[in-house]
Amino acid sequence: MRIAVFDDYRVGIVDGDLLRDVSDSIPERDTAWPWPWVPRLVARFPELRATLETAAARAEPRPIQSVRLLPPTPWPGQIVAAAANYHEHAREMAARPGSTQAEGLQGEIFLKAPASVVGDGATVTLPNLPDREIHHEAELGVIIGRRMYQVAEADVLDYVFGYTCLMDLTVRGRGDRSRRKSYAGFTPIGPWLVTADEVPDPQALSVRLWCNGELRQDDTTRNMVYSVAELLAYASSVMPLFPGDVLASGTPSGVGPIRPGEHVEMEVSGIGRLAVEIAAAPPGSPLAEVGLGVRPPL
Ligand code: MN
């Protein structure tokens with residue numbers, strides 16, 4: 001099942017180019033910020049699935065192009081992300097002058113701000129960082145379906161709700177990942193969630209990204225250093241993961257700068273395509289400085 005969030009936080013089931021609005025069949029759907037009903041929908045999906053299917057069968061189909069898609073996880077509790085998780089990407093990062101991302105950091109995880117999430121078709125306004133490159137990273141996004149903590153690797157995929165496309169936009173260079181990857185709009189997610197039953201092997205998916213139509217990233221999830229299952233086992237050995245939480249599973253090689261005016265589009269095979277437009281920081285906007293410099297102790 002393909003589940004999209006659209007317009008005023010309505011919910012639709014996607015079927016090809018058509019979308020069927022099933023919002024009114026979802027209990028406790030509250031469209032007020034911070035949208036906690038999406039994790040509730042994920043958590044209760046096994047019992048709600050038949051209701052959603054019935055509602056979709058009754059709903060009038062409409063072209064998906066006629067709606068404004070929103071992030072299918074508008075307010076994830078956590079976004080856990082894998083560092084340098086494709087062999088070729090780890091090599092390209094280690095080769096960058098002054099790289100802060102050595103091969104030795106492979107297998108590590110970090111957090112992105114949930115507030116950095118935007119949906120398909122969003123415009124990402126770059127922060128005012130004149131001396132920094134801001135890069136695209138196309139990734140397979142994994143949505144947690146059930147609370148999981150210290151789950152054995154052999155069992156972790158049973159806790160996955162589904163998959164989506166995810167861009168881990170990144171300010172390159174010095175500074176902590178959590179800050180460099182958490183600016184507003186730096187985590188496009190979508191265009192919808194695809195439930196795990198439609199993705200039998202998350203290690204057999206192609207991941208591609210284009211900037212203005214030019215193919216920049218092209219690899220398969222088979223070339224991850226650590227599999228989705230290994231990453232989830234590791235992450236859940238550290239922190240409990242909850243329904244609606246997101247794992248960003250790392251990016252293939254080919255990362256590079258995004259610039260104002262560009263159209264950035266990615267695809268995960270069997271999932272869909274996610275696109276954003278890149279805009280410049282408004283003139284006179286404050287410097288979105290990375291690194292506060294050395295401060296005297298408080
Ligand atoms: Mn990444």
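In this text, all values refer to a predicted model and were calculated from it rather than measured experimentally. In each ligand, atom 1 is the first atom listed, and ligand 1 is the first ligand listed.
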Novice: Parallel, tilted or perpendicular: which one describes the rings of Trp33 and Trp75, with boundaries at 30° and 60°?
Specialist: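 It falls in the perpendicular class, over 60°.
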
Novice: At a cut-off of 2.8 Å, what protein N/O/S atoms sit near the Mn ion (ligand 1)?
Specialist: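 Result, waters dropped: Glu137 OE1, Glu139 OE2, Asp168 OD2.
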
Novice: For Asp24, what residues pass the salt bridge (charged side-chain N to carboxylate O under 4.0 Å, His left out) criterion, not counting sequence neighbours?
Specialist: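 Per chain and number, Asp24 pairs via salt bridge (charged side-chain N to carboxylate O under 4.0 Å, His left out) with Arg10.
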
Novice: Are Arg44 and Trp37 in a cation-pi contact, defined as NZ or CZ under 6.0 Å from the six-membered ring centre and within 45° of the axis?
Specialist: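 Relative to the ring axis of Trp37, which defines the angle, Arg44 lies outside at least one limit.
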
Novice: Is Leu287 close to Pro130 at the side-chain level, that is, under 4.5 Å between some pair of heavy atoms?
Specialist: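 Yes. Closest side-chain heavy atoms under 4.5 Å.
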
Novice: With a 4.0 Å cut-off on N to O distance, would you call Arg49 and Asp197 a salt bridge?
Specialist: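 Looking at Asp197 together with Arg49, the answer is yes, because their closest N to O distance falls below 4.0 Å.
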
Novice: When the ring planes of Phe186 and Tyr183 are compared, do they come out parallel, tilted or perpendicular, using 30° and 60° as the limits?
Specialist: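 Ring orientation of Phe186 relative to Tyr183: tilted.
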
